[in-house]
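Numbers here simply count residues along the sequence, with the first being 1. Only a predicted model underlies this, so the values are computations on that prediction, with no experimental measurement involved.
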Amino acid sequence: MKKLFKDGELSLGVNYWASNAATRMWTEWDETVVENDIKNLSAIGCEYLRVFPLWSDFQPVMVLRSNCFKGGYKRGYAFVGEKPLPNTEAGMAGVDETMMEHFEVLCNIADKYKMKVIVPLINGHMTFRIYNPPAVDGLDHFTSPESLMWQGKFIHYFVKRMKSHPAICAWEIGNESNCLSVADDRTTAWSWSAFVVNAIRAVDDTRPVCSGMHSLSLNDSSKESWTFADQSELCDILTSHPYPMWRSYVNCDRPNTMRWVLLSSIENQTYADISNSGAFAEEVGTLRRTFSTFEALGDHLRNVLWLLWGNDSKALLWWCAFDQTKMEFPPYDWDEAGMEHGIMTAGYKINPTGRAIADFAKFKKKCPIKILPPPREKAICILGRDCKLYELAHSVGVLAAQAGLPIKFTYCESDIPESKVYLIPSAIRKGGLNRAAYKKLAEKVENGATVYMSFSYNICIPLMEEFFGFEIENREQCNEILNLSISDMSEIKLNPRYKFKMKSHGAVPIDRDGIAWKYKRGKGRIIAIGLPFEMILLNNKESYQKYPAYELYRMIGKDIVAKNILCSTDSEVIITEHPEDENTTYAIVCNCSPDKKRVKPTVKSGWKIDKIYSDSAEVKEENGVINMPNNSGALLVLKAD
C-alpha cells in the first residue's frame, strides 16, 4: 500500500466545503463555483482536499410505514419525497446517483489541478450538527442493525464506484465520528470502527484508511471509548485536530506565544508516537474574533507550519477553505463557534491564513531541501495510565523543545524503547509502570541511561528506596512559593499544593531545599523531583517564558543535547536538527513569539551556518546573528568546517 505522505516533508491542504453553499453544496450544486474554488486553492499552493460526501444527501433514504403497529409497520424504503428506490446497484444501496455524479465531477476538477482528495465516508457529524438519512434518524449508529446495514451499503457502493479515480488518495472512517453518537464502551467503538474499515478494505485495499477521530484516549480507564490503540490497530494513519480555542491550558496565554504555536506539532506527535501508526494534522484552526486579529491568526499559522515541518508532522489541512459567515441556515446560524476559519472569503479574497499557506508553498517550491532527515536520537517520555494526556504531553513538549531535546512519547503499558534518557513526568501513583518495567529501567540505568521522574502528590512506588535511593518521610500542604535552584541553573519559582520531605538511602539532594534528588546507579543516574513539575508549570500563566524551567530538561538530557550543533540562547526560539550526513545538518529555527527577535545561537566548534532559507524576506543572518520577525521560521544549512 502506498504511503499517504512522504517522511520529512510537509504537505499542504484544506478541509473543503464549497464557497457558496458550505454543507448544502451537494443539493445546491454549482460546478462553476466548485471549479473556481479548487482553481483558487490550487493557485496558492494547496495540494490536498478533504471532501465530505454528506451522509443525508448521498443516502437520502426514508422509511415507508403501514398501520396497526406501534410506530407504524415498516413496509419499505424510498428516497426522500417518496421516490421509489430504482432497481439498480445505486438504488439497492440507497445512494442518490446525482450526488455521485457531483462527487465524480469534483474529483475530475481536483485531478485537473493536480490536487489529491481524502474522502471521509460516514459524514453524519459536521460543525456541531448531525446529518442522518431519515431512515436511520434517532438510531444508535454504532449498534443499530438497521443503521449499520445502510452504512455498509453506502460504503460498498461508494468505494466500488470511486476506487479507480486517480484523484482519491485515501479513505477515512468519517468526520470526527466519535461525535456522531455516544459509544457506551470501548468494545462498541472498536466494533463500529472495524465494521467501517473492513467494509472499505473489502472493496479497496490499495489505499490507506485514515481515522478521522479527534481527542482519542490512552485507555478506557477514564470511561473513554475511543483509544489510540484501537484506532491504530484498525487504521493506517491517525488524525490530530489540535484547536487552541478548545484547550484552556493553551489559550490562558496571549495568542502566538509558546503554548499556542507549539500545540499542533506536539499534539500531532503525541498521536503519531503513541499509536506507532503515524499521524497528520488534519484539522487546525482557531477563533479570530475571540482571541486575535486576522493578521495575528496568519502569523500563528506561519509559525505552526514551520514547527510541523520540523517535527515531521506529514501534513497540515487547515479548517477550512472558505469563510462561512454568510450562511443563513443551521448549523451556521446556530450559537456556535467558528464561522471565520477560511483561508479565503467566499469572494476569493485571501485571508492572512491563506497568505501564510501561499508563502510557505512558494518557499517549498524554491527551497532546494525538500526532505528533513529525522533527529540523531530521542529521549523517551513515558506517559502513565491516568495522566491528563494532552495537558501533560503539551507541557513536556514545550520544555523539551526549549531545551533542544528531541523526544518520543510512549505509553506506560508499551514496550520501553532504547534510549539514553527516559522521562516519566508528573507520575501518578506508580507512573503506570509495573514491577517488570522498573526492573528494565533499573537495568538501563546500570548500563548508563538517565531516568527522570517528577512526582504527583499521590506517588506510591513500592521499594522506593531501592530504585530512587530515598523514601518519603512525610507530606504536608504547601502554602508557600518554593524556589527550585539546581547547581548553576537559574532559579525556578513553583507553587505546589503539597511538599514532600525525603529520607536518603544513598541519593543526594541537588537543590538547597531537598526538592530534587540524584541517585548514581551503575554507569547511569536517576533524577527525581518531589513535585509534579510539568503540571505546575502548565497551570501557571506564561510560565514557559517567565522561568528557565527548560534548563532542567537540558540538564537531564545532556547526553543527547550535547550532540546538537546549534544551541538556542533565547527560550522562545526553538531549534530542531536534522543531520543529512556527518558534514551537513539542517536546522529549523522558529521564533515562537509575537515579538521580533535578533538571535545568536551558539554554534558548535568546527561548524558554521552555510545557508539560510525562509518564507519571509525579513529573515536574514549576518555574522551568526539571525533577524527573525514575530512568529517566523527559517531553514539553516550547517556545514562542518
Side-chain angles (χ1 to χ4, degrees), residues 11-60 90 95-121 123 126-127 129 131 154 157-159 161-172 174-175 212 282-283 285 315 317-329 331-332 338-351 353-354 357-358 361:
S11 298
L12 305 174
V14 289
N15 292 269
Y16 177 70
W17 286 108
S19 60
N20 67 319
T23 54
R24 290 184 177 177
M25 66 175 282
W26 304 112
T27 55
E28 298 178 7
W29 177 255
D30 190 324
E31 183 177 335
T32 301
V33 169
V34 171
E35 173 137 16
N36 285 335
D37 287 354
I38 293 176
K39 179 181 178 181
N40 278 276
L41 292 168
S42 175
I44 66 168
C46 291
E47 305 160 286
Y48 288 82
L49 297 171
R50 183 171 174 236
V51 182
F52 311 91
L54 201 65
W55 192 14
S56 55
D57 290 342
F58 277 71
Q59 198 178 41
V95 176
D96 187 329
E97 290 207 61
T98 300
M99 299 295 109
M100 293 301 304
E101 289 166 4
H102 294 341
F103 199 89
E104 285 177 328
V105 170
L106 184 147
C107 288
N108 292 339
I109 294 169
D111 194 47
K112 175 181 175 180
Y113 291 99
K114 297 181 172 56
M115 298 183 78
K116 294 297 181 183
V117 178
I118 298 170
V119 187
L121 286 162
N123 297 298
M126 183 60 56
T127 313
R129 183 178 168 184
Y131 292 86
F154 174 72
Y157 179 78
F158 192 102
V159 175
R161 178 162 174 167
M162 296 303 303
K163 69 178 181 178
S164 62
H165 203 290
I168 295 175
C169 63
W171 306 109
E172 184 175 294
N175 177 58
E282 185 180 63
E283 292 185 21
L317 274 59
W318 185 258
W319 187 278
C320 54
F322 298 97
D323 282 345
Q324 297 161 337
T325 51
K326 296 183 180 180
M327 304 302 157
E328 298 180 350
F329 56 88
Y332 304 107
M339 302 304 103
E340 295 179 322
H341 283 319
I343 61 172
M344 293 184 187
T345 67
Y348 304 124
K349 178 185 175 183
I350 300 177
N351 287 326
T353 46
I357 287 177

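A ring-centre distance under 6.0 Å is found for F52 and W17.
Atom CE of residue M25 and atom CG of residue L54 lie 10.0 Å apart, to the nearest 0.5 angstrom. Taking OG of S19 as the start and CZ of F322 as the end, the distance is 5.0 Å to the nearest 0.5 Å. Between the CD1 atom in I38 and the NZ atom in K114 there is a gap of 14.0 Å [rounded to 0.5 Å]. For the atom pair CD1 of I109 and CD of E104, the computed distance is 12.0 Å after rounding to the nearest 0.5 Å. The CZ atom of F158 lies 4.5 Å from the CE atom of M100; values are rounded to the nearest 0.5 Å. Note that OH of Y48 and CG of L317 are 9.0 Å apart. Values are rounded to the nearest 0.5 Å.
Under the rule for a side chain to side chain donor-acceptor pair (under 3.5 Å), D57 has no partner lying at least two apart in sequence or in another chain.
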- Query: What's the verdict on side-chain contact (heavy atoms from CB on, under 4.5 Å) for D111 and H165, showing C-alpha distance, side-chain angles and the deciding distance?
  - Reply: CA-CA 9 Å; D111 194 47; H165 203 290; 4.2 Å; yes

- For M162 and V119, what are the C-alpha separation, side-chain angles and deciding distance, and is it a side-chain contact (heavy atoms from CB on, under 4.5 Å)? CA-CA 10 Å; M162 296 303 303; V119 187; over 6 Å; no

- Mind running side-chain contact (heavy atoms from CB on, under 4.5 Å) on M327 and T23 for me, showing each step along the way? CA-CA 9 Å; M327 304 302 157; T23 54; over 6 Å; no

- Please assess Y332 against R24 for the test side-chain contact (heavy atoms from CB on, under 4.5 Å), listing each intermediate value before the final yes or no. CA-CA 11 Å; Y332 304 107; R24 290 184 177 177; over 6 Å; no

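Listed for the N175 side chain is no donor-acceptor partner under 3.5 Å among the backbone atoms of N123. Of the possible donor and acceptor atoms, none in the side chain of D37 sits under 3.5 Å from a partner among the backbone N and O of A18. Under the 3.5 Å distance criterion, the side-chain polar atoms of E47 are matched with a main-chain donor or acceptor of L12. Here the side chain of N15 pairs a donor or acceptor atom with the backbone of E282 at under 3.5 angstrom.
For the residue pair S56 and Y131, the shortest heavy atom distance occurs at OG-CB, 3.5 Å. In this structure, C107 and A167 approach most closely via the heavy-atom pair O-CB, 3.5 Å. The heavy-atom pair separating F329 from A21 by the smallest distance is CZ-O, 3.3 Å. The two residues Y348 and V33 come nearest to each other via the heavy atoms OH-O, 3.6 Å. Nearest heavy-atom pair across Y113 and S42 is O-OG, 3.4 Å. Nearest heavy atom pair, residue I44 against residue A361, reads O-CB, 3.7 Å.
Between R50 and W319 there is a side-chain heavy-atom pair separated by less than 4.5 Å. Put simply, the side chain of L49 reaches to within 4.5 Å of the side chain of V14, judged on heavy atoms. Using a 4.5 Å heavy-atom threshold, the side chains of T345 and N351 count as touching. The side-chain heavy atoms of C46 and M115, taken from C-beta on, include a pair separated by under 4.5 Å. Looking at heavy atoms from C-beta onward, E97 lies in side-chain contact with R161 at the 4.5 angstrom threshold.
Of the listed residues (W26, F58, W29), just one forms a ring pair (Phe, Tyr, Trp, His ring centres under 6.0 Å) with H102, and that residue is W29.
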